[in-house]
J.: 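Would you mind keeping the following structure in view while I ask a few things?
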Amino acid sequence: MERPMHILIILLLGCFLSWSVFSMGEDTRTLSIGVISNHPSKHIIKTKPLMGYLQKEMDVFGYQSYEIIVKTNIEDMIKSINRGEVDIVSETLYGASQIYQQTVMEPILLRWKKNVSRYNSYFITRKDSEINVIEDVIGRKIVFEDPGSTSGYYLPMVALKQHQLPVNHIQDLEEVGEPSMVNYVFSSDFTRRHNEVNISTWVYHRKVDVGVLSSVNWEDNEDVPIRIKEALKLIYKTPSVPRSYMLVRSTLPASHKTAIRDILLQAHESASAHKALKKYQRTSRFSELSETDERLLESTLLF
């Protein structure tokens, strides 16, 4: 009885690192996608339908199985990509830029989420606050989401730097901070579920002076309840950027990359792919990316 139990434990632990559907055969290929998440099982479930659809459409090239490789941070994902373990990955601008600049991945499409192709970051504060413009954030406390977030960290940090506002990372909400700097905290340092509800609530209850969230979240009453939103105001909006990028391994055969691109580009028109797209983090569709969109990946500063 002990030996089967050991095998079961090993298999269960393996599920948190990757999930594969295997098909026997000699000249078969496995199509792999990388996912960055602190909740592996949840994101594996969300990704399986799309990968199942894509692998089936790629069957003509010998892809008889697919694999979902989950890493908890961008650094480990980059290592996995550089080991040749990942064929496809989707990330927002900041993560996609790190992958693009440090690996052999290349962008092929933009991914729409919740029917949104582009988004930006909003700086929010209470309506009764004396903070009215971004320059007023000096000497105040601002909350970002987490260090890997495009809308909850990268875009607002760029905005602060462009306005020549010095920043200071503080570790405690009770810390006074520097009067001549923008003092910032990450909600991820304090809560396991670091989300937009926490950020807007912290501003509402005066735990911080300013919060940052995406335009998509601001318009969603589940992320920012109406009761809270009515007490808040916007003081700054960053320029908009693509909602998410789809990248593929550049060393894949050209015909395979073209096929992946074409399949995803037409997926929203396929009845069989509709549920798979929706399951994949509410993906609406994929679309062409412009030269400007690609240049963003090259010019993005890595903090």
J.: With side chains defined as the heavy atoms from C-beta onward, is the minimum distance between Glu106 and Val248 less than 4.5 Å?
T.: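 Yes, side chains in contact.
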J.: Cluster question for you: counting only ILVMFWY and a side-chain heavy-atom cut-off of under 4.5 Å, with indirect links fine, are Val60 and Tyr63 together?
T.: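 Same cluster.
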J.: Quiz question: by atom type and distance under 3.5 Å, do the side chains of Asp146 and Ser149 form a donor-acceptor pair?
T.: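 There is no such pair (donor and acceptor under 3.5 Å, judged by atom type) between the side chains of Asp146 and Ser149.
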J.: Could you give me the CA-CA distance, side-chain angles and deciding distance for Met157 and Val167, then say whether side chain to side chain contact (heavy atoms under 4.5 Å, CB included) is met?
T.: CA-CA 9 Å; Met157 183 61 80; Val167 297; 4.0 Å; yes
J.: Could you tell me whether the side chain of Gln101 and the main chain of Thr300 form a donor-acceptor pair under 3.5 Å?
T.: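 Answer holds: yes.
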J.: Does any pair with a residue in residues 166-180 pass side-chain hydrogen bond (donor to acceptor under 3.5 Å, both in side chains), and if so which ones, sequence neighbours excluded?
T.: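 Passing the test, one end in residues 166-180: Asn168-Asn183.
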J.: Measure the spacing between CG of Leu277 and NE2 of His268 and express it to the nearest 0.5 Å.
T.: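 Here the interatomic distance stands at 9.0 Å.
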J.: Could you go step by step and tell me if Tyr66 and Leu54 meet the side chain to side chain contact (heavy atoms under 4.5 Å, CB included) rule?
T.: CA-CA 9 Å; Tyr66 65 85; Leu54 185 56; over 6 Å; no
J.: Would you name the heavy atoms of Lys257 and Arg249 that are closest together and state the gap between them?
T.: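 Shortest heavy-atom separation between Lys257 and Arg249 comes out as CD-O, 3.6 Å.
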J.: Please find the pair of heavy atoms, one from Met105 and one from Val89, that lie closest to each other, and give the distance.
T.: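 Reported closest heavy-atom pair: CE-CG1, 3.6 Å.
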J.: Among residues at least two apart in sequence or on other chains, which ones pass salt bridge (Lys or Arg N to Asp or Glu O under 4.0 Å) with Asp293?
T.: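 Expected list: Arg118.
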J.: Check Ser90 against Arg111 and note the closest heavy-atom contact, atom names and distance.
T.: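 Closest pair (atom of Ser90, atom of Arg111, distance): OG-NE, 2.8 Å.
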J.: To check you understand the geometry: which heavy-atom pair defines the closest contact between Val104 and Ser250, and what is its length?
T.: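 Distance-wise, the nearest heavy atoms are O-OG, 2.6 Å.
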J.: Please name the residue in the list Gln55, Met51, Glu57 that meets the side-chain contact (heavy atoms from CB on, under 4.5 Å) test with Tyr53.
T.: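 Result for side-chain contact (heavy atoms from CB on, under 4.5 Å) with Tyr53: Glu57.
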J.: Would you indicate whether Lys233, at its atom NZ, is surrounded by more than 12 heavy atoms from other residues, nucleotides or ligands within a distance under 6.0 Å?
T.: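 Count over threshold, so yes.
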J.: Can you check whether Val143 reaches Tyr184 side chain to side chain, under 4.5 Å on heavy atoms?
T.: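 The answer is no, as the side chains (C-beta and beyond) never meet within the 4.5 Å cut-off.
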J.: Would you say Ser117's side chain and Trp112's backbone share a donor-acceptor pair under 3.5 angstrom?
T.: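 Side chain of Ser117 to backbone of Trp112, a donor-acceptor pair under 3.5 Å: no, none is there.
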J.: Does the side chain of Leu50 come within less than 4.5 Å of Thr283's, by heavy atoms?
T.: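 Thr283 vs Leu50: side chains apart.
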J.: Side chains of Val182 and Ile138, heavy atoms from C-beta outward: is any pair under 4.5 Å?
T.: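 Yes, at least one pair of side-chain atoms sits under 4.5 Å.
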J.: Taking C-beta and beyond as the side chain, do Lys46 and Arg282 meet within less than 4.5 Å on heavy atoms?
T.: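 No, their side chains stay 4.5 Å or more apart.
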J.: Under 4.5 Å between any side-chain heavy atoms of Leu160 and Pro156, yes or no?
T.: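 In short, these two side chains do not touch, never coming nearer than 4.5 Å.
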J.: When you compare the side chain of Ile108 with that of Phe286, does any pair of heavy atoms fall below 4.5 Å?
T.: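 Heavy-atom side-chain distance check fails, nothing below 4.5 Å.
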J.: Please check if atom CD in Glu298 has more than 12 non-hydrogen atoms from other residues, nucleotides or ligands closer than 6.0 Å.
T.: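 Atom CD in Glu298 is crowded, with more than 12 foreign heavy atoms closer than 6.0 Å.
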J.: Answer whether the closest heavy-atom distance between the side chains of Tyr280 and Ile33 falls below 4.5 Å.
T.: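 Tyr280 vs Ile33: side chains touch.
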J.: Same cluster or not: are Ile74 and Val86 linked, directly or through other Ile, Leu, Val, Met, Phe, Trp or Tyr residues, by side-chain heavy atoms under 4.5 angstrom apart?
T.: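 Hydrophobic grouping puts Ile74 with Val86.
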J.: If you count heavy atoms of other groups shown closer than 6.0 angstrom to NZ of Lys237, is the number above 12?
T.: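 It does not: Lys237 NZ has 12 such atoms or fewer within range.
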J.: What are the two closest non-hydrogen atoms of Thr125 and Ile131, and how far apart are they?
T.: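 Heavy atoms only, the tightest pair is CG2-O, 3.7 Å.
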J.: Should Lys79 and Glu75 be marked as a salt bridge (Lys or Arg N to Asp or Glu O under 4.0 Å) after you check the CA-CA gap, both sets of side-chain angles, and the distance that decides it?
T.: CA-CA 6 Å; Lys79 291 177 183 177; Glu75 292 80 13; over 6 Å; no
J.: Enter the distance from Leu93:CG to Leu155:CG here, rounded to the nearest 0.5 Å.
T.: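 With rounding to 0.5 Å, CG (Leu93) is 6.5 Å from CG (Leu155).
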J.: When you look at NE2 of His274, are more than 12 heavy atoms from neighbouring residues, nucleotides or ligands closer to it than 6.0 Å?
T.: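 No.
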J.: Checking Asn73 now: which residues fulfil side chain to side chain donor-acceptor pair (under 3.5 Å) with it, not counting sequence neighbours?
T.: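 Asp76.
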J.: In Å and rounded to the nearest 0.5 Å, what is the OG to CD distance from Ser244 to Glu91?
T.: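 These two atoms lie 6.5 Å from each other.
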J.: Starting at CZ of Arg243, measure out to OG of Ser214 and round the result to the nearest 0.5 Å.
T.: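 Going from CZ on Arg243 over to OG on Ser214, the span is 6.0 Å.
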J.: Taking the six-membered ring of Tyr204, is the NZ or CZ of Arg126 close enough (under 6.0 Å from the centre) and on axis enough (within 45°)?
T.: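 Positive - Arg126 is close enough to the ring of Tyr204 and near enough to its axis.
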J.: Does the side chain of Thr30 come under 3.5 Å of the side chain of Glu67 through a donor N or O and an acceptor N or O?
T.: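 No, because no side-chain N or O of Thr30 sits under 3.5 Å from a partner of the opposite role on Glu67.
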J.: Judged by atom type as modelled, is there a donor-acceptor pair below 3.5 Å linking the side chain of Asp220 to the main-chain atoms of Val216?
T.: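 Judged by distance alone, no pair lies under 3.5 Å.
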J.: Look at the rings of Tyr94 and Tyr154 and say which category their plane angle falls in: under 30° parallel, 30 to 60° tilted, over 60° perpendicular.
T.: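 Parallel, since the angle between the ring planes stays under 30°.
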J.: So, does Ser80 use its side chain to make a donor-acceptor pair with the main chain of Glu85 at under 3.5 Å?
T.: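 Here the side-chain-to-backbone pair does not exist.
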J.: For a side chain to side chain contact (heavy atoms under 4.5 Å, CB included) check, start with the C-alpha distance between Asp87 and Ile260, then their side-chain angles and the critical distance, and finish with the verdict.
T.: CA-CA 10 Å; Asp87 298 319; Ile260 291 171; 5.8 Å; no
J.: Between CD of Gln102 and CD1 of Ile78, what distance do you get to the nearest 0.5 Å?
T.: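 The CD atom of Gln102 sits 4.0 Å away from the CD1 atom of Ile78.
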J.: Between Tyr245 and Ile99, does the side chain to side chain contact (heavy atoms under 4.5 Å, CB included) criterion hold? Intermediate values first, please.
T.: CA-CA 11 Å; Tyr245 287 82; Ile99 290 171; over 6 Å; no
J.: Side chains of Asn120 and Ser215: do they bring a donor and an acceptor to under 3.5 Å?
T.: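 Asn120 vs Ser215: donor-acceptor pair found between side chains.
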J.: Side chain to side chain donor-acceptor pair (under 3.5 Å), that's the test. Do Asn38 and Thr72 meet it? Break it down for me.
T.: CA-CA 5 Å; Asn38 288 316; Thr72 58; 4.8 Å; no
J.: Is a donor on one side and an acceptor on the other found under 3.5 Å between the side chain of Lys141 and the backbone of Lys207?
T.: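 Checked: no pair found.
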J.: Take the angle between the ring planes of Phe61 and His256 and call it parallel below 30°, perpendicular above 60°, tilted in between.
T.: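 If you compare the ring of Phe61 with that of His256, the planes turn out tilted.
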J.: Could you measure the distance from the CD1 atom of Ile45 to the NE2 atom of His43? Nearest 0.5 Å is fine.
T.: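 With rounding to 0.5 Å, CD1 (Ile45) is 11.0 Å from NE2 (His43).
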J.: Keeping Glu145 on the side-chain end and Leu213 on the backbone end, is there a donor-acceptor pair under 3.5 Å?
T.: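 Answer holds: no.
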J.: If hydrophobic clusters are built from ILVMFWY residues whose side chains come within less than 4.5 Å, do Tyr153 and Met181 share one?
T.: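 No, it is not one cluster - the side chains of Tyr153 and Met181 are not joined through contacts under 4.5 Å.
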J.: Is the closest side-chain donor-acceptor distance between Thr103 and Asn82 under 3.5 Å?
T.: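 There is no such pair (donor and acceptor under 3.5 Å, judged by atom type) between the side chains of Thr103 and Asn82.
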J.: Nearest heavy-atom pair of Ala159 and Thr238: which atoms, and what distance?
T.: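 Result for this residue pair: CB-CG2, 4.2 Å.
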J.: Judged by atom type as modelled, is there a donor-acceptor pair below 3.5 Å linking the side chain of Asn115 to the main-chain atoms of Lys113?
T.: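 Such a contact is absent between Asn115 side chain and Lys113 backbone.
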